[in-house]
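Read the structure below first, then the notes.
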Amino acid sequence: MSLSDITSRVAAAERAADRPVGSVQLVAVSKVQPNERVESVLQAGQRCFGENRVQEAAGKWPDFKEVFSDVDLHLIGPLQSNKARQAMELFDTIQSVDRPKLAKTIARLAQELGRCPDLFLQVNTGKEVQKAGILPEDTDAFVAECRDLDLPVKGLMCIPPMEEEASLHFALLAKLAKRNDLTGLSMGMSSDFEKAIALGATHVRVGSAIFGERVKPEG
């Protein structure tokens, strides 16, 4: 696969769903990828990228942003409260707001910094004990709490269980978003992003299909 292959598939899925071509944002997941691979995808024209860890992103993206000033950087992995300030200074969007304590920390820091990245709330649609995210039945209250904190909540994000049909989880997330008047839906990865687009995804997170298999750091 290549970036052009994936963008062609995204466009085909948009047309199949009777949606405007270009309405879905492709988030290239660059976590644990060597800089040369990331740079080649940047050179090919991709500007929206997703990272899992604040520390890794901090060591990679400031230099790239000096050359590619229009990069749109998304945090898609879990965020510890003590890394929130660094994340808010580095990322344009944080997709993994998953608990009230973190929301309150972000709201406090937003007042201090005078700005706040766009936010997505992560929903644990599969109710998996090992996975982050607010439970589906608690989502309405969490959206309301974040709005009361004047946070710029743009949408919802989910990572379906590996062994379950992803479409069921995408449909649930879309229902929760619609009920709360949220237009953003971050759902779908390399193996299922076409299903996600059919069910309303506005952001799809694709890594290995663009970059190849992840490279584990040594040590």
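Along the sequence shown, residues are numbered consecutively beginning with 1. Because the structure is a prediction, the values reported are computed rather than measured.
Between E39 atom CD and Q33 atom CD the span is 14.0 Å, to the nearest 0.5 Å. To the nearest 0.5 Å, atom CG of residue N35 and atom CG of residue D63 are 8.5 Å apart. Within the model, atoms CG of D72 and CZ of F91 stand 11.0 Å from one another, a figure rounded to the nearest 0.5 Å. Atom CD of E194 is separated from atom CD of E14 by 11.0 Å, given to the nearest 0.5 angstrom. Remark: L113 CG to I106 CD1 distance equals 11.0 Å, nearest 0.5 Å.
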Between side-chain atoms of residues 144-154 and protein atoms elsewhere (two or more places apart, or another chain), which donor-acceptor pairs fall under 3.5 Å?
residue: R147; atom: NH1; partner: N180; partner atom: O; Å: 3.0
residue: R147; atom: NH2; partner: N180; partner atom: O; Å: 2.7

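Both L102 and V54 belong to a common hydrophobic cluster when Ile, Leu, Val, Met, Phe, Trp and Tyr are linked at side-chain heavy-atom distances under 4.5 angstrom. Note: the hydrophobic cluster containing F170 does not contain M162 (ILVMFWY, side chain heavy atoms under 4.5 Å, direct or indirect links).
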Please walk me through it: do H169 and K195 pass side chain to side chain contact (heavy atoms under 4.5 Å, CB included)?
CA-CA 11 Å; H169 296 269; K195 292 179 180 179; over 6 Å; no

Just do the side chain to side chain contact (heavy atoms under 4.5 Å, CB included) check on V97 and L79 with the steps written out, would you?
CA-CA 7 Å; V97 180; L79 177 59; over 6 Å; no

Start with the C-alpha gap between V143 and L176, add the side-chain angles, then the distance that decides, and say whether side chain to side chain contact (heavy atoms under 4.5 Å, CB included) holds.
CA-CA 10 Å; V143 171; L176 291 169; over 6 Å; no

Side chain to side chain contact (heavy atoms under 4.5 Å, CB included) between T93 and H203, worked out:
CA-CA 12 Å; T93 298; H203 295 69; over 6 Å; no

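Listed by first then second residue, pairs satisfying side chain to side chain donor-acceptor pair (under 3.5 Å) with a partner in residues 106-117 read R85-E112, R108-E112, not counting sequence neighbours.
Taking Ile, Leu, Val, Met, Phe, Trp and Tyr as hydrophobic and joining them when side-chain heavy atoms fall under 4.5 Å apart, one finds M157 in a cluster with F120, I159, M189. Grouping Ile, Leu, Val, Met, Phe, Trp and Tyr by side-chain contacts under 4.5 Å, direct or through others, leaves L135 on its own. Applying the under-4.5 Å side-chain rule to Ile, Leu, Val, Met, Phe, Trp and Tyr, the cluster around V21 consists of that residue alone.
For the residue pair S2/D5, the side-chain donor-acceptor check at 3.5 Å is satisfied. Counted by atom type alone, Q25 and T202 present zero donor-acceptor pairs between their side chains at under 3.5 Å.
For T125 (side chain) and P160 (main-chain N/O), no donor-acceptor pair under 3.5 Å exists by modelled atom type. Looking at Q46, its side chain does come within 3.5 Å of a backbone N or O of C48 through a donor-acceptor pair.
For the ring pair (Phe, Tyr, Trp, His ring centres under 6.0 Å) test, no residue two or more places apart in sequence or in another chain qualifies with F211.
One finds no salt bridge joining E56 and K31 here, because no Lys/Arg side-chain nitrogen approaches an Asp/Glu carboxylate oxygen to under 4.0 Å.
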